[in-house]
Amino acid sequence: MSKALEYFKEVYDVVPGWVQKMHDYSPEVLDKYTGIRGEIMQDGSLSRKEKDALIASMNAARLYSRSMLFHTKGAVDFGYSAAELLEFFLTAYLYKGDAALKRAFEAIPYALELSGNPVVLPEATPETADDLLGTMLGWMKDEETAYLEQVVSAIKQGHKEELTALILSDGKVSSKLKHLNMAGNFIVELDGSGAAPWMEKARAAGATEADLADLGYICILTAGIPAWFELSDSLKTVE
C-alpha cells in the first residue's frame, strides 16, 4: 500500500473510495494532495482538533454532509465531545438557520456513536431549531449542557441580538474560535467581503494573523484555492 493510501487509512480507518480512485487514476496527484493535506492538518497556530471541528462546522453551514461527517470523526478522535461540537455547529446555525442544524443533527449522533454512546434516532427529523437542539441535548445525559440549554431558551424567546451574542460568547468553545468559524462560513462559500467584518471581530476576540492564515489553509481543503483568494484579501501582510 502506498504511503498516501496508508495516511488516509490511518485518518479514516479505511481507505475512502474517492481516495482509492484518485490513486488509481494518478498516484502522483494523490501524493501531492496528501502532502498538502498532511501539512495543513498538523498542529499549528490552530490545533489539529480545532481544525477538524472548524471544517465540520463550516460544512454544516454550507449544507455539505459528507465533509462534515469526515471531520466530525477527526474532531472526536482528537478529543472533542459531542457537546463541544454542537457549540461549533451553532455558528453554522447563525449563518444558515435551521437547515444547518439539520445537518448537525446528522453529525451529533455520529459523534456520540464514535464516543461509545449510540443513540436512537427519532422516526422523523425535528423541523425547528429548538426541537432539533432539544433532541440533541436529550442525547447528552452524561455531558455538561447548561450553556447549550441557555441557547435553546434564547431561541424560544426570539431575541435575535441576544441569541447571537450568547452563541458567540465563551462556552466550552472559546469566543475566538466561534468568530473564526463565522469568518470561515463565508470563506468556504467564496464570500470574502462577507468574511472581512468577521475576521475583524475574530481579531477583537483574540485571533492572531497566524490563526486567520490557518483558517484560510483549512478552507482550501474544503473549498479549494479560491477560498484562499477570498480570505487573503483581508489578511494582513507579514512585515
Side-chain angles (χ1 to χ4, degrees), residues 43-62 68 71-72 74-76 78-97 100-101 103-104 107-108 111 129-130 133 136-137 140 143-189 191-219 222 231 234-236:
D43 286 334
S45 188
L46 299 176
S47 70
R48 168 66 189 272
K49 78 171 188 175
E50 289 169 344
K51 291 175 180 180
D52 270 312
L54 287 165
I55 296 176
S57 179
M58 291 186 296
N59 277 287
R62 65 177 185 145
M68 175 189 71
H71 289 280
T72 292
V76 172
F78 281 87
Y80 272 127
S81 69
E84 288 169 320
L85 280 173
L86 186 50
E87 278 199 47
F88 280 97
F89 289 131
L90 288 173
T91 67
Y93 168 67
L94 284 184
Y95 182 76
K96 201 162 282 186
L101 274 187
R103 300 291 165 161
I108 294 302
D130 57 331
L133 287 169
M136 288 188 276
L137 291 183
M140 300 179 190
E143 297 193 37
E144 173 55 53
T145 59
Y147 167 84
L148 295 168
E149 290 166 13
Q150 290 180 49
V151 172
V152 174
S153 177
I155 289 172
K156 289 180 178 178
Q157 292 171 20
H159 300 310
K160 187 173 181 179
E161 290 185 4
E162 292 177 12
L163 174 64
T164 299
L166 178 60
I167 288 176
L168 293 172
S169 67
D170 290 321
K172 288 180 176 292
V173 177
S174 70
S175 178
K176 180 189 84 170
L177 284 172
K178 292 174 180 178
H179 282 84
L180 286 169
N181 199 158
M182 282 299 294
N185 291 342
F186 287 88
I187 291 297
V188 295
E189 294 205 318
D191 182 2
S193 61
W198 286 103
M199 290 173 67
E200 282 301 319
K201 291 176 183 179
R203 291 181 179 107
T208 65
E209 294 307 297
D211 293 331
L212 289 162
D214 264 2
L215 177 68
Y217 299 146
I218 63 174
C219 287
T222 201
L231 179 131
S234 298
L235 190 64
K236 295 178 181 177

field: Straight-line distance of I55 CD1 to T222 OG1, nearest 0.5 Å
entry: 6.5 Å
- prompt: Y93 and side-chain contact (heavy atoms from CB on, under 4.5 Å): which partner among L133, I167, V151?
  reply: I167
- prompt: Thinking salt bridges, do K176 and E50 make one under a 4.0 Å N-O criterion?
  reply: no
message: Walk me through whether N181 and M58 qualify under side chain to side chain contact (heavy atoms under 4.5 Å, CB included).
response: CA-CA 7 Å; N181 199 158; M58 291 186 296; 3.7 Å; yes
- request: Looking only at non-hydrogen atoms, find the nearest pair between Y80 and A53 and report the distance.
  value: CE1-CB, 3.6 Å
task: First locate atom OH of Y147, then atom CG of L86, and finally report the distance between them rounded to the nearest 0.5 Å.
output: 9.5 Å
Salt-bridge contact K172-E144 (side-chain N to carboxylate O under 4.0 Å): no
message: For a quick test of reading the model, state the closest non-hydrogen atom pair linking A195 to A183 and the distance between them.
response: CB-O, 3.6 Å
- prompt: Cut-off 3.5 Å, side chains only: do S45 and D214 have a donor facing an acceptor?
  reply: no
query: How close do S57 and T91 get, heavy atom to heavy atom, and via which atoms?
result: OG-OG1, 3.3 Å
query: Any side-chain heavy-atom pair from K201 and M182 closer than 4.5 angstrom?
result: no
task: For residues T208 and D211, determine if any side-chain heavy atom of one lies less than 4.5 Å from a side-chain heavy atom of the other.
output: yes
message: Please verify the inter-ring angle class for W198 with H179; under 30° counts as parallel, over 60° as perpendicular, anything in between as tilted.
response: tilted
- prompt: Do the side chain of S47 and the main chain of D43 share a donor and acceptor less than 3.5 angstrom apart?
  reply: no
query: Is a side-chain donor-acceptor pair under 3.5 Å present for S153 with E149?
result: no
- prompt: With distance as the sole test, does D170 use its side chain to make a donor-acceptor pair with the main-chain N or O of S175 at under 3.5 Å?
  reply: yes
- prompt: Could you give the distance from CD1 (I108) to OG1 (T72), rounded to the nearest 0.5 Å?
  reply: 7.0 Å
query: What closest approach, in Å, do E84 and V173 show between heavy atoms, and which atom pair accounts for it?
result: O-CG2, 3.5 Å
- prompt: Can you list the steps and then say if K51 with Y217 is a side chain to side chain contact (heavy atoms under 4.5 Å, CB included)?
  reply: CA-CA 10 Å; K51 291 175 180 180; Y217 299 146; over 6 Å; no
field: Beyond-backbone contact of L90 with K178, side-chain heavy atoms, under 4.5 angstrom
entry: no
field: Heavy-atom pair with the smallest gap, counting every atom of E87 and L148
entry: CG-CD2, 3.9 Å
message: Quiz question: by atom type and distance under 3.5 Å, do the side chains of S193 and D191 form a donor-acceptor pair?
response: yes
Between CD on residue E162 and OG on residue S169, distance to nearest 0.5 Å: 12.0 Å
task: Take atom CD of E161 as the centre, draw a 6.0 Å sphere, and report whether it contains more than 12 heavy atoms from other residues, nucleotides or ligands.
output: no
query: Going by heavy atoms in the side chains, are N59 and V188 under 4.5 Å from each other?
result: no
Spacing of L235 atom CG and M199 atom CE [to the nearest 0.5 Å]: 5.5 Å
message: Let me confirm one number: the CG-NZ distance from L85 to K49, rounded to the nearest 0.5 Å.
response: 9.5 Å
task: Considering non-hydrogen atoms only, spot the tightest contact between N185 and A61 and give its length.
output: OD1-CB, 3.4 Å
